[in-house]
Participant: 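I have a structure I would like to understand better, so I am pasting it below and will then ask my questions one at a time.
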Amino acid sequence: MIKTENVSKLFRTTDVVTRALNQVSFEIKKGEFIAIMGPSGCGKSTLLNILGLLDSPSSGEYFFLAENVTRMSEWRRAKIRKQNIGFVFQNFNLIDELTVFENVELPLRYTGIPGKERKDRVEQILDQAELSKRKNHYPGQLSGGQQQRVAFARAMIAEPSLILADEPTGNLDSAHGEEIMNLLAKMNEKGATIVMVTHSQRDAKYSHRILNLFDGQIISENE
């Protein structure tokens, strides 16, 4: 599903060039659950943004679903992203002015799915995430754990083949964090490929493989 070949990423300012990734090469098969670990500033989130087609490498090649997406137009990349990739962020990234139902429904509004089908799919996934009673609440009325479950439901609503999770339990206590990890594990069991950035050894145990990143390079891999 995913293949990178010598991917590097440079960030330039007037006086400084920072190498966030340095010739990173690896493969991820369909249905795998991968954890990416390493100290802060080692390039984990930069790598996740490239995998999610939110950013492009400065050099190297990135293949997604056997297609070289490295130098695609932004329009084409956005289309692939909407059709195939779901994101779960540490800071939830919910829209405060929208209800739980509206936040979760939002990705479907860009796909042309009829209103009745959108409603049915949203209600189904809210039920799975145990959020049905909160569907008319706003994010500010929810706990951190509930907000992350809303973000998770929004990421899953379009049934993506790839889920990218950036520190998904970073702002949660252990009990709510375990809920989110169990939800990710269930999606993986249903066939979704998951790539998760984490500092948590406990969360990493849910994965099939761990890629250890340091100074922009993969220094080791373990199962």
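Both backbone and side-chain heavy atoms feed into the values below; hydrogens, waters and symmetry mates do not.
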Participant: Pair Val24, Asn6 - check side-chain contact (heavy atoms from CB on, under 4.5 Å), show working.
Facilitator: CA-CA 5 Å; Val24 173; Asn6 299 317; over 6 Å; no
Participant: Do Lys3 and Glu5 sit within salt-bridge range, that is, some charged N less than 4.0 Å from a carboxylate O?
Facilitator: yes
Participant: Using a strict 4.0 Å threshold on nitrogen-to-oxygen distance, state whether Arg77 and Glu74 make a salt bridge.
Facilitator: yes
Participant: Compile the donor-acceptor pairs under 3.5 Å between side chains in residues 152-165 and protein atoms, sequence neighbours left out, one pair per line.
Facilitator:
from: Arg154; atom 1: NH1; to: Asn93; atom 2: O; distance (Å): 2.8
from: Arg154; atom 1: NH2; to: Phe92; atom 2: O; distance (Å): 2.9
from: Arg154; atom 1: NH2; to: Asn93; atom 2: O; distance (Å): 3.3
from: Ser161; atom 1: OG; to: Asn84; atom 2: O; distance (Å): 3.4

Participant: Are Val100 and Leu142 close enough, and set up right, to give a side-chain contact (heavy atoms from CB on, under 4.5 Å), and what steps lead you there?
Facilitator: CA-CA 9 Å; Val100 166; Leu142 306 177; 3.6 Å; yes
Participant: Can you tell me if Ser207 uses its side chain to pair, donor with acceptor, with the backbone of Arg209 under 3.5 Å?
Facilitator: yes
Participant: A side-chain contact here means heavy atoms from C-beta on lying under 4.5 Å apart; do Leu184 and Pro168 qualify?
Facilitator: yes
Participant: Below 4.5 Å, heavy atoms only, C-beta onward: do Phe33 and Met196 meet side chain to side chain?
Facilitator: yes
Participant: Indicate yes or no: does Glu102 engage Arg109 in a salt bridge with an N to O separation below 4.0 Å.
Facilitator: no
Participant: Under the criterion side chain to side chain donor-acceptor pair (under 3.5 Å), I'd like the reasoning laid out for Asn68 against Glu61: C-alpha separation, chi angles, the key distance, then a yes or no.
Facilitator: CA-CA 7 Å; Asn68 192 334; Glu61 306 291 331; 2.7 Å; yes
Participant: Indicate yes or no for a side-chain donor-acceptor contact from Asn103 to the backbone of Leu98 under 3.5 Å, with no hydrogens or angles considered.
Facilitator: yes
Participant: So Thr193 and Lys29, do their side chains get closer than 4.5 Å, heavy atoms only?
Facilitator: no
Participant: Starting at OG of Ser132, measure out to CG of Asp127 and round the result to the nearest 0.5 Å.
Facilitator: 4.5 Å
Participant: Establish whether Val197 and Met187 are linked, either directly or via other cluster members, by ILVMFWY side-chain heavy-atom contacts under 4.5 Å.
Facilitator: no
Participant: Please indicate whether Phe214 has more than 12 foreign heavy atoms, meaning atoms of other residues, nucleotides or ligands, lying under 6.0 Å from its CZ.
Facilitator: no
Participant: Contact between Lys9 and Ser59 at the side-chain level, heavy atoms closer than 4.5 Å - yes or no?
Facilitator: no
Participant: Report yes if some heavy atom in the side chain of Ile2 is under 4.5 Å from a heavy atom in the side chain of Phe63; otherwise report no.
Facilitator: no
Participant: Give, for atom CZ of Arg134 and atom CD of Gln146, the distance between the pair rounded to the nearest 0.5 Å.
Facilitator: 4.5 Å
Participant: Could you measure the distance from the CD atom of Glu27 to the OG1 atom of Thr4? Nearest 0.5 Å is fine.
Facilitator: 8.5 Å
Participant: Considering only distance and modelled atom types, tabulate donor-acceptor pairs under 3.5 Å from the side chains of residues 35-47, sequence neighbours left out.
Facilitator:
from: Lys44; atom 1: NZ; to: Gly38; atom 2: O; distance (Å): 3.0
from: Lys44; atom 1: NZ; to: Pro39; atom 2: O; distance (Å): 3.1
from: Ser45; atom 1: OG; to: Asp166; atom 2: OD2; distance (Å): 3.1

Participant: With a 4.5 Å heavy-atom cut-off, do Glu67 and Arg76 have their side chains touching?
Facilitator: yes
Participant: Could you walk me through whether Leu10 and Arg12 pass the side-chain contact (heavy atoms from CB on, under 4.5 Å) test, one step at a time?
Facilitator: CA-CA 6 Å; Leu10 304 180; Arg12 303 176 186 272; 3.5 Å; yes
Participant: Any link between Ile50 and Leu54 through a network of hydrophobic side chains (Ile, Leu, Val, Met, Phe, Trp, Tyr) touching at under 4.5 Å?
Facilitator: yes
Participant: Glu167 side chain to His199 main-chain N or O, any donor-acceptor pair under 3.5 Å?
Facilitator: yes
Participant: Verify the cluster assignment for Val150 and Leu106: are they in a single hydrophobic cluster under the rule of side-chain heavy atoms below 4.5 Å apart?
Facilitator: no
Participant: Starting from Val104, can I reach Phe87 by hopping between I/L/V/M/F/W/Y residues whose side chains sit under 4.5 Å apart?
Facilitator: no
Participant: Hey, does Gln147 have a side-chain heavy atom less than 4.5 Å from the side chain of Leu94?
Facilitator: yes
Participant: How far apart are the closest heavy atoms of Pro57 and Val7, and which atoms are they?
Facilitator: CB-CG1, 3.7 Å
Participant: Using every non-hydrogen atom in the two residues, find where Ile85 and Leu51 come nearest and quote the distance to one decimal.
Facilitator: CD1-O, 4.0 Å
Participant: Hydrogens and angles aside, do Asn222 and Asn212 bring a side-chain donor and acceptor to less than 3.5 Å of each other?
Facilitator: yes
Participant: Does the pair Glu221 and Phe26 meet the rule for a side-chain contact (heavy atoms from CB on, under 4.5 Å), with working shown?
Facilitator: CA-CA 10 Å; Glu221 178 180 332; Phe26 62 90; 5.8 Å; no
Participant: How long is the gap from OG on Ser58 to CG on Asn22, to the nearest 0.5 Å?
Facilitator: 11.0 Å
Participant: Would Ile125 and Met181 show up in the same hydrophobic cluster when neighbours are defined by side-chain heavy atoms closer than 4.5 Å?
Facilitator: yes
Participant: So how far is it from Asp96 CG to Gln141 CD, rounded to the nearest 0.5 Å?
Facilitator: 11.0 Å
Participant: Between CE of Met72 and OG1 of Thr70, what distance do you get to the nearest 0.5 Å?
Facilitator: 9.0 Å
Participant: Does the side chain of Gln148 reach to within under 4.5 Å of the side chain of Leu172, using non-hydrogen atoms?
Facilitator: yes
Participant: Looking at every non-hydrogen atom in both residues, tell me the closest pair between Thr99 and Asn136 and how far apart they are.
Facilitator: CG2-O, 3.8 Å
Participant: Return the minimal non-hydrogen interatomic distance between Glu130 and Arg149, and the atom names on each side.
Facilitator: O-NH1, 3.3 Å
